[in-house]
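Report on one structure; see the data block that follows.
These numbers were taken from a predicted model, which means no experiment stands behind them.
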Amino acid sequence: MKSPPEGPWVQDGPRGDRWKRLPWVTLGLVLVQFSVYAWTSSQGLLDVDAMVRFGAKVGPLMTEAGEPWRLVTANFLHRDGAHVGLNMLVLLAVGWVLEGTWRRWDYAAVLVASGLSTMTASLLWAEEVSVGASGMAYGCVGGLIVLGRRHRAVLSPLARRMAGEGVLPTVLVFLWMGWTSAGVDNAGHLGGFVAGLWAGVFLVPRTLTPDEPRSVGLLRAGGVVLVAVGCAALGVLGRSTWRVERDGVFGVSVSMPRGWRQGADRFGRVAFSNGLPGVGRASFAAEAIDTGEPGDGEPQARRFLETALAPREPGPEGRPVRIQGPEPARVNGRRAQRVRAELQGAGGLTHLMAFFVPQGDFVYQWVFTWPEAFPRYAAVVDRMVAELRLDEPAELREARARALLVPGAGAPLHVLGTTLRRWGQPAQAVEPLEAAVKLSPSWVGTRVELARAFFESGRVEEGCRAAEEALVYGPSKAMALEAGVRCELARGDAEGALRRLEEARRVDPLDPRLRAAEAALRATVAPVP
């Protein structure tokens, strides 16, 4: 009776049926890879957005949107036919050797460990969207290198040639070529390669342990997978941290996920996003609007609705399909106005939430957007809102520094007092403004600012007295007359305020701010028909 031929990759090993010796794990993996590619290709253009939808490695979605399963699915996606073809060619050639030498569960463990390590390394050191089984292929090559060094004697001549002296330099050359090329996930390749080297140290050919119990082999393979899963979990957790970003110009501090990066945004001068250009994009933008008068932020909220959310001019996020607000809200104990909207764009539905927080003569505009397709981002935005802080702006810090550098001078004290009042600290503004008035009594502007600081601090009579003194020093100055208008308004005399405003308008008839104030005041005192 003729014995079945030995396997093509090992010199000594158990004889068996040729059918059973086929590399079924490798062939199955290749079949799955080509099937997935055929299906994704049938869905349309395989651009970045498509890869994100299908399950590519996307750092923000893995660490912020609760989708760590992308560490697995990204290994089964490819950009084009050449990409999948080259990876499968390497897997067939090298995987055939490994599967014929190791036990199948050992080989499967290397594939799993290489795939997880590939995407974990990419998550840690590469920000781009990544797909492909090349990390698995590099892992198999790493395992082959270790196999050729440790167990060369049991390999067939062909297997020895594949695992020969030239394989390591070849791999290093390919890694170097990838490192010097654009669009290559070098971190992932290196992660898969190192995982294959590491796993190969613990695995031995089946011919060297013919009597090994099945449970021992499964335990060894399971240990390799378990270590890879643990490293992947640590990688995801390590990238899931947050940081605090501060803008010194406007004095805004916001806590955000570690991976968010700064960039341009139409909703504000200071802007950050999770880095995705389309599907899955989440962003934060901030701006400080100088309104010239203390308020509650509602006019700015309505202006935002009329401009940024105008249906006739949809932005890159899409066209508004539902808008709610403005409505009163609180942000860290501060009163605010809130606007909520849903925008329909090419990437799906995007949620928008904007806050308008008044502080002195300024209104802070904070705009958050996040995708409907990834609901976990709602919790990310809630945390960012809860941890928003207002610090001292650069203008106020500079004013304090000038006042300290030039003590006893009126101008720095005037600037400090004015800046304190404009940034919502009228009570603290009184002292430097009073000192500036004593040093320079004839400065009408300083007396007007002092009157405003009193009014905004609730000290009406002191403010009216400062306004009258400003009028004494500047009887023909519109700003002094305007201070008198504020006095009458603070006392609740709208008609007296209108008379004073008319005087100011006669002094400066072209001032658009006075003209608008007069129109608004006339509307409030007009008799009801």
For E245 and W260, does a side-chain donor sit closer than 3.5 Å to a side-chain acceptor? no
Nearest atoms (heavy-atom pairs only) where A436 meets L413: CB-CB, 3.9 Å
Do E372 and T350 make a side-chain contact, defined as non-hydrogen atoms from C-beta onward lying under 4.5 Å apart? no
Are any side-chain N or O atoms of H414 and backbone N or O atoms of G410, one a donor and one an acceptor, separated by less than 3.5 Å? no
T118 side chain to S114 main-chain N or O, any donor-acceptor pair under 3.5 Å? yes
For A74 against S130, the heavy-atom pair lying closest together: CB-O, 3.8 Å
Does a side-chain heavy-atom distance below 4.5 Å link L46 with F54? yes
Under a 4.0 Å N-O cut-off, is there an ion pair linking E287 with R266? no
Are W125 and L190 side-chain neighbours, meaning at least one heavy-atom pair lies under 4.5 Å? no
Looking only at side-chain N and O atoms, does S253 offer a donor or acceptor that is under 3.5 Å from a partner on D391? yes
Quick one: is the NZ or CZ of R258 closer than 6.0 Å to the six-membered ring centre of W242, and within 45° of its axis? no
Determine, step by step, whether Y138 and H189 satisfy the ring pair (Phe, Tyr, Trp, His ring centres under 6.0 Å) criterion, reporting the C-alpha distance in whole Å, the side-chain angles of both residues, the deciding distance to 0.1 Å, and the verdict. CA-CA 6 Å; Y138 271 97; H189 291 171; 4.7 Å; yes
Reported CG-to-OG1 distance for the pair L433 and T418, which is rounded to 0.5 angstrom: 5.5 Å
Looking at every non-hydrogen atom in both residues, tell me the closest pair between R397 and E392 and how far apart they are. NH1-O, 2.6 Å
For the residue pair D296 and Q337, establish whether any side-chain heavy-atom pair is separated by less than 4.5 Å. yes
Quick test of your reading of the model: are R447 and E469 salt-bridged, counting only N-O distances below 4.0 Å? yes
With a 6.0 Å cut-off on ring centres, are F368 and F284 close enough? yes
Shortest non-hydrogen contact from R281 toward S273: NH1-OG, 3.3 Å
Do F355 and Y364 have their ring centres less than 6.0 Å from each other? no
Shortest non-hydrogen contact between R239 and G259, atoms and distance: NH2-CA, 4.3 Å
Indicate the atoms forming the closest heavy-atom contact of G235 with T120, along with that distance. CA-CG2, 4.1 Å
side-chain contact (heavy atoms from CB on, under 4.5 Å) between V380 and W370, worked out: CA-CA 9 Å; V380 173; W370 69 97; over 6 Å; no
Salt bridge K57-E128, side-chain N to carboxylate O under 4.0 Å: no
Can F76 and W39 be said to form a ring pair (Phe, Tyr, Trp, His ring centres under 6.0 Å), step by step? CA-CA 11 Å; F76 293 87; W39 177 75; over 10 Å; no
Under 4.5 Å between any side-chain heavy atoms of M256 and E387, yes or no? no
N-O pairing of E468 and R465 below 4.0 Å: no
Test side-chain contact (heavy atoms from CB on, under 4.5 Å) applied to R421 and E456, step by step: CA-CA 8 Å; R421 184 199 62 75; E456 293 171 18; 3.0 Å; yes
Distance col, row S457:OG vs Q425:CD, nearest 0.5 angstrom, shows 10.5 Å
Please determine whether salt bridge (Lys or Arg N to Asp or Glu O under 4.0 Å) holds for the pair E67 and R70, giving the CA-CA distance in whole Å, both sets of side-chain angles, and the decisive distance to 0.1 Å. CA-CA 6 Å; E67 298 186 350; R70 290 174 178 269; 2.7 Å; yes
Could you name each residue pair satisfying side chain to side chain donor-acceptor pair (under 3.5 Å) that touches residues 427-436, not counting sequence neighbours? none
With heavy-atom distances below 4.5 Å as the criterion, would you say the side chains of L352 and L309 are in contact? yes
Is R486 salt-bridged to E293, cutoff N-O under 4.0 Å? yes
Check the angle between the aromatic planes of F362 and W423 and answer parallel, tilted or perpendicular using the 30° and 60° thresholds. parallel
Find out whether Q324 and V339 are in side-chain contact, i.e. whether some heavy atom of one side chain is under 4.5 Å from a heavy atom of the other. no
Nearest 0.5 Å, please: how far is CG in D80 from OG in S41? 9.0 Å
Quick one: do V229 and L116 satisfy side-chain contact (heavy atoms from CB on, under 4.5 Å)? Show the steps, please. CA-CA 7 Å; V229 171; L116 288 175; 3.7 Å; yes
For the CD atom of Q359 and the OG1 atom of T291, what is their distance to the nearest 0.5 Å? 11.5 Å
For Y377 and N274, test the side chains for any donor-to-acceptor distance below 3.5 angstrom and give the result as yes or no. yes
Where do M51 and D47 land on the side-chain contact (heavy atoms from CB on, under 4.5 Å) test, with the steps shown first? CA-CA 6 Å; M51 291 291 99; D47 57 7; over 6 Å; no
Of all pairs that satisfy salt bridge (charged side-chain N to carboxylate O under 4.0 Å, His left out), the ones with a partner from residues 320-340, not counting sequence neighbours: R322-E342, E327-R338, E327-R340
Taken to the nearest 0.5 Å, the spacing of H351 NE2 from L343 CG works out to 9.5 Å
Between D247 (side chain only) and V252 (backbone N and O only), is there a donor and an acceptor less than 3.5 Å apart? no
Any non-hydrogen side-chain atom of V460 less than 4.5 Å from a side-chain atom of F454? no
Working to the nearest 0.5 Å, report the span between CD of E395 and CG of L416. 11.0 Å
